[in-house]
Amino acid sequence: MDRIGSFNHHTATNDFQNSCNRDTEFGANYRRFAFSRQASSMQWQEPSHTPISTYSDELAKPLLSRSMSSINIPPGRYFSSESNFFFGVKDNSGLVSDAFHLTFGCGLLTFSLFSIAASRSKPDHVYTYGYKRLEVLAAFTNALFLLFLSFSLAVEALHAYKQDESEHKHYLIVSAVTNLMVNLIGVWFFRNYARINLVYRKAEDMNYHSICLHVLADSIRSAGLILASWFLSLGVQNAEVLCLGLVSVAVFMIVMPLFRAAGGVLLQMVPPSIPTSALSKCLRQITSLEDVLEVTQVRFWELVPGQVVGSLSLTIKKGTDNRQTLEFVHGVYHELGILELTVQMEDA
């Protein structure tokens with residue numbers, strides 16, 4: 001019995017120890033499994049330090065790096081070299097300047113065509129003289145733009161003189177040839193006004209002349225660019241400077257008469273078609289009348305080309321016949337082409 005009891009006790013003790021060992025082994029396995037899960041989960045966590053960029057040093061720079069005087073856009077990030085070449089934002093400023101010039105030129109030509117239709121509107125209670133001067137304003141605007149074009153060509157020639165002409169953009173010849181062909185068609189349409197000094201008999205003549213000179217100046221500019229590109233391909237030194245300078249002078253000379261004529265109309269100058277000596281002679285004839293004591297406020301101006309307007313004030317003796325004096329004054333000035341005359345008569 002003692003042996004059986006001792007054997008059972010020894011067996012129970014062994015079973016208990018085996019159970020403890022299994023629990024210990026399971027606990028160790030559990031800890032190893034938990035540690036492995038923690039290690040695996042830590043591999044998926046984002047590291048706390050700053051990640052190392054895979055870009056190069058050039059690409060690692062910020063997109064817009066600001067210096068003391070400019071903002072530099074690093075190349076190759078958003079625009080390729082081909083797109084920079086097409087849009088003219090990298091180094092071909094000639095395309096950009098040419099685009100701005102064509103845009104403003106088309107806008108002014110559109111305004112000139114609009115003024116032709118708008119000037120036919122009848123006078124109203126606001127614009128009592130009508131809208132005829134709108135064509136004169138369009139002609140003056142075209143002339144002012146062409147003067148600015150002449151100045152810009154002179155500046156461009158000076159810039160070409162300072163920089164290396166080997167960097168001349170020969171691809172501009174494509175745009176120049178296209179512009180020249182289109183402008184020559186426009187010159188053919190307005191060939192009757194293709195003169196520098198033109199006698200304007202009405203407002204439409206001045207407006208059409210400004211359109212013709214605008215298209216002609218564009219043609220001269222395009223021809224100058226083509227000629228400069230050809231000379232540069234032949235190795236001629238300072239070809240661009242010479243061509244641009246000649247074009248600038250040519251544009252200035254052909255547009256100055258129009259600028260003076262349109263500006264004179266807008267400033268209400270004495271019409272150039274009527275000599276000053278003729279106006280002085282008429283004034284002496286009026287003052288020589290016995291009934292006229294004084295002639296004041298003598299004003300003559302051109303409303304639009306071909307339409308002269310005048311006004312003057314007369315001081316006459318009391319008791320005289322104003323009708324005869326008035327007819328004489330109108331007859332004198334009508335001989336000069338002044339049909340719209342306002343005469344104010346006052347008794348002394």
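Counting all heavy atoms, side chain and backbone alike, Cys282 lies closest to Leu336 at SG-CD1, 3.4 Å. Residues Ala176 and Leu225 approach most closely at CB-CB, 4.1 Å, considering heavy atoms. Scanning both residues, Leu341 and Leu312, for their nearest heavy atoms gives CD1-CD2, 3.6 Å. Between Lys122 and Tyr131 the shortest heavy-atom distance is O-CE1, 3.8 Å. Scanning all heavy atoms of the two residues, the minimum distance from Asp347 to Lys318 falls at CB-CG, 3.9 Å. Residues Ile220 and Ile254 approach most closely at CD1-CD1, 4.3 Å, considering heavy atoms.
Using a 4.5 Å cut-off on side-chain heavy atoms (C-beta onward), Phe252 and Leu147 make contact. Side chains of Ile211 and Leu113 form a contact here, defined as non-hydrogen atoms less than 4.5 Å apart. Side-chain atoms of Leu227 and Trp230, non-hydrogen and from C-beta on, do get closer than 4.5 Å to each other. Using a 4.5 Å heavy-atom cutoff, the side chains of Tyr200 and Leu258 are in contact. Proximity of Glu327 to His330: side-chain heavy atoms (C-beta onward) are nowhere separated by under 4.5 Å. Side-chain atoms of Ile286 and Tyr333, non-hydrogen and from C-beta on, do get closer than 4.5 Å to each other. Taking the side chain as every heavy atom from C-beta outward, Phe300 and Ile274 never approach each other to under 4.5 Å. Side chains of Leu279 and Leu283 form no contact here, defined as non-hydrogen atoms less than 4.5 Å apart.
Tyr193 contributes atom OH, which lies 11.0 Å from atom OG of Ser210 (distance to the nearest 0.5 angstrom). The CG atom of Asp218 sits 7.5 Å away from the CG atom of Asn179 when rounded to the nearest 0.5 Å. Remark: Leu153 CG to Leu158 CG distance equals 12.5 Å, nearest 0.5 Å. The distance from the CD atom of Glu156 to the CD atom of Glu240 is 6.5 Å, given to the nearest 0.5 Å. Atoms CD and CH2, from Gln307 and Trp301 in turn, are 11.0 Å apart once rounded to the nearest 0.5 Å. For the atom pair CG of Leu244 and OG of Ser150, the computed distance is 11.0 Å after rounding to the nearest 0.5 Å.
Under the side-chain hydrogen bond (donor to acceptor under 3.5 Å, both in side chains) rule, Glu135 has a single partner from Ser115, Ser119, Ser112, which is Ser119. Shown are Val182, Val247, Asn183; of these, the side-chain contact (heavy atoms from CB on, under 4.5 Å) with Ser222 is made only by Asn183.
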Next item on the list: Carefully, step by step, assess Phe145 and Val255 under the rule side chain to side chain contact (heavy atoms under 4.5 Å, CB included).
Entry: CA-CA 10 Å; Phe145 173 77; Val255 77; over 6 Å; no
Note to self: Before you tell me yes or no, could you show the steps for Val309 and Gln268 under side chain to side chain contact (heavy atoms under 4.5 Å, CB included), namely the whole-Å CA-CA distance, both residues' side-chain angles and the distance that decides it to 0.1 Å?
What the structure shows: CA-CA 10 Å; Val309 181; Gln268 297 184 348; over 6 Å; no
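Between the Ser219 side chain and the Leu180 main chain, no donor and acceptor come within less than 3.5 Å of each other. Judged by distance alone, the side chain of Ser248 and the main-chain N or O of Gly245 form no donor-acceptor pair under 3.5 Å. Arg221 places no side-chain N or O within donor-acceptor distance of the main-chain N or O of Val251, the cut-off being under 3.5 Å. A distance-only check finds a donor-acceptor pair linking the side chain of Glu302 to the backbone of Gly306 [under 3.5 Å].
Within a 6.0 Å radius of OH in Tyr127, no more than 12 heavy atoms belonging to other residues, nucleotides or ligands are found. Residue Arg323 qualifies as open at atom CZ: its count of foreign heavy atoms under 6.0 Å is 12 or below. Summarising the local packing, NE2 of His334 is surrounded by more than 12 heavy atoms from other residues, nucleotides or ligands at distances under 6.0 Å.
One hydrophobic cluster, built from ILVMFWY side chains closer than 4.5 Å, cannot hold both Phe148 and Leu108; they sit in different ones. Residues Leu246 and Leu149 fall into different hydrophobic clusters, defined by Ile, Leu, Val, Met, Phe, Trp and Tyr side chains chained together at heavy-atom separations under 4.5 Å. Put simply, Val298 and Leu267 are part of two different groups of oily side chains (I, L, V, M, F, W, Y) that touch within less than 4.5 Å, one to the next. Val332 and Leu293 are not part of a single hydrophobic cluster, where members link through side-chain heavy atoms under 4.5 Å apart. Hydrophobic cluster membership differs between Val215 and Met253, with clusters built from Ile, Leu, Val, Met, Phe, Trp and Tyr side chains linked at under 4.5 angstrom.
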